[in-house]
There are 2 protein chains.
Amino acid sequence: MKVIVAEDQGMLRGALSALLDLEDDIEVIGQAADGAEALEMIRTLRPDLCVMDIEMPKMSGLDVAEALQKSKDPCGVVILTTFSRSGYFQRAMRAGARGFLLKDSPVSELAAALRDVQAGRRAVSPELALTFWEAENPLTEREREVLKLAREGLSSGEIASRLFLSGGTVRNYLSEAIQKLEAKNRIDAIAAAEKNGWLD
Amino acid sequence: MKVIVAEDQGMLRGALSALLDLEDDIEVIGQAADGAEALEMIRTLRPDLCVMDIEMPKMSGLDVAEALQKSKDPCGVVILTTFSRSGYFQRAMRAGARGFLLKDSPVSELAAALRDVQAGRRAVSPELALTFWEAENPLTEREREVLKLAREGLSSGEIASRLFLSGGTVRNYLSEAIQKLEAKNRIDAIAAAEKNGWLD
DNA sequence: GGATGAAGGTGACAATTGTCATCCGGAAAA
DNA sequence: TTTTCCGGATGACAATTGTCACCTTCATCC
């Protein structure tokens, strides 16, 4: 089967490609260093599968999966990620990903996952099956937006003018987010949201 | 030459070990998933070199390098890291590391670096040579300590009682840190310090 | 000894942040 | 149509955070 490897960290991308290529039934026909490049490559090279990192520049792996789904591209997606965050997993499943495994698994498991997916089965790291039951993202669009700007170190006032709101409203959203996440202040809230993959 | 690979992310650790082992002159005699395990392994297996990640559980790669230096262990250290942070680089050099490269380099470069170091030369990613000239950590011990607690989402008051200081003093340290780092507030300061590897 | 300066420590004050009660407008239910 | 509900929005208030001018201690240099 023909696969593409999309992963921004050069060493892992190269190592993974080399090892997968050693397998008799797998041929790596392309390597992408960011999401946009991956999408482009899938559309021109038409691989059977794509091994996709989530955290990448330009477009995240999840963005790419969603784009493929929208354009009804037949290329199967196997997500490969460092973090077992419930938000990531849920979004990946909704975006039609057929495999989801952690970068902690050995390469042999990745190869096995590729074969499973190619055969029409799903492949999910056991650690992640549990994640399925975890909480949904409790933040509204607005709250997420404000929290993301706060993460960049902006003050409430700056966030307000960036979003054309009053300062009070911004503080209000932050306050709601803090309570929903059971945090003590905005820093705590940012950490809590990130841990679950609820920002981005 | 006999080497050990210390890296917490399973997939990269396995892939790297497999590929290095394919080289005629390199033999991977051990793999460690955290710093403590790496140190233990170096002392019992006595490899020529160790490929060492920085961010690992229990002991960071830099902690291990420092421990080896203190005990005058002859094992050479090649640091392998995601981030080009000046603080990391400077600390690694002081700890006697002989190689320092980014996880963006291809595996072939890692193999070349191992040979260079084994031959008594240094091996440093070109991106990092510049880093040598970058700013030293401007934060005092106290400021770093306070900033690290702030990063966990603690309020000034909580930090104060944790360190047996008055609230005012803590705010004072944070204020100094904010100014030294040219940040707008504590969140910004935390981000700036982390970017340079000045916390930990 | 006395001057100098660096690092740690303090409280007063101003600015920013977090909380709350409340308001508004549109969609869904009655 | 009226009612109810809910997300979005607001300003008043209190708590927390950031700044500043000023002490203290202790080592260093004349």
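In what follows, every chain begins at residue 1, and chains take the letters A, B, ... in the order their sequences are listed.
Judged as a ring pair (Phe, Tyr, Trp, His ring centres under 6.0 Å), the pairs with a partner in residues 95-120 of chain A (not counting sequence neighbours) are, in order, A/F89-A/F100. For residues 37-49 of chain B, the side-chain hydrogen bond (donor to acceptor under 3.5 Å, both in side chains) pairs, not counting sequence neighbours, are B/R43-B/S71. Sorted by first and then second residue, the ring pair (Phe, Tyr, Trp, His ring centres under 6.0 Å) pairs involving residues 46-78 of chain A (not counting sequence neighbours) form an empty list.
Rounding to the nearest 0.5 angstrom, the gap separating the OG atom in A/S105 from the CG atom in A/L80 is 7.5 Å. B/I26 CD1 to B/L49 CG: the interatomic distance, rounded to the nearest 0.5 Å, is 8.5 Å. Rounding to the nearest 0.5 angstrom, the gap separating the OG1 atom in A/T169 from the CG atom in A/L163 is 10.5 Å.
Note on the helix from C/dG1-D/dC30 to C/dA30-D/dT1: angle between the axes of the first and last five pairs equals 20°, rounded to 10 degrees.
Residues B/V170 and B/S156 come closest through the heavy atom pair CG1-O, 3.9 Å. For the residue pair A/D8 and B/D104, the shortest heavy atom distance occurs at O-OD1, 3.4 Å.
For B/K180, the NZ atom counts as densely surrounded, since its 6.0 Å shell holds more than 12 non-hydrogen atoms of other residues, nucleotides or ligands.
Residues satisfying the side-chain contact (heavy atoms from CB on, under 4.5 Å) criterion with B/A123, sequence neighbours excluded, are B/A113, B/D116, B/V117. Legend: residues meeting ring pair (Phe, Tyr, Trp, His ring centres under 6.0 Å) with A/Y173, ordered by chain and number and at least two apart, are absent. For A/E194, the side-chain hydrogen bond (donor to acceptor under 3.5 Å, both in side chains) partners are A/R151, not counting sequence neighbours.
One hydrophobic cluster, built from ILVMFWY side chains closer than 4.5 Å, holds both B/M56 and B/I79. Both A/V78 and B/L12 are assigned to one and the same hydrophobic cluster, defined by single-linkage of ILVMFWY side chains at heavy-atom distances under 4.5 Å. There is a path of hydrophobic side-chain contacts, each under 4.5 Å, that joins A/M52 to A/I54.
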Could you pull out the protein-nucleic contacts involving nucleotides 26-28 of chain C (nitrogen or oxygen on both sides, under 3.5 Å)?
none

Please produce a list of atom pairs where a protein N or O lies less than 3.5 Å from an N or O of nucleotides 20-22 of chain C.
from   : atom 1 : to     : atom 2 : distance (Å)
C/dC20 : OP2    : A/Q179 : NE2    : 3.4
C/dC20 : N4     : A/N172 : ND2    : 3.0

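Contact check of residues 181-188 of chain B against DNA chain D (heavy atom, cut-off under 4.0 Å) returns B/N185, B/R186. A heavy atom closer than 4.0 Å to some atom of DNA chain C occurs in B/R142, B/L165, B/S166, these being the qualifying members of residues 142-167 of chain B.
Proximity of B/T169 to the phosphate of C/dG8: no side-chain N or O atom is located under 4.0 Å from OP1 or OP2.
Looking at heavy atoms from C-beta onward, B/E158 lies out of side-chain contact with B/E152 at the 4.5 angstrom threshold.
A 4.0 Å heavy-atom criterion places the boundary nucleotides of DNA chain D facing chain A at D/dG8 to D/dC13, written 5' to 3'.
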Q: Could you walk me through whether A/D63 and A/R91 pass salt bridge (charged side-chain N to carboxylate O under 4.0 Å, His left out), step by step?
A: CA-CA 10 Å; A/D63 292 337; A/R91 202 174 143 204; 2.8 Å; yes
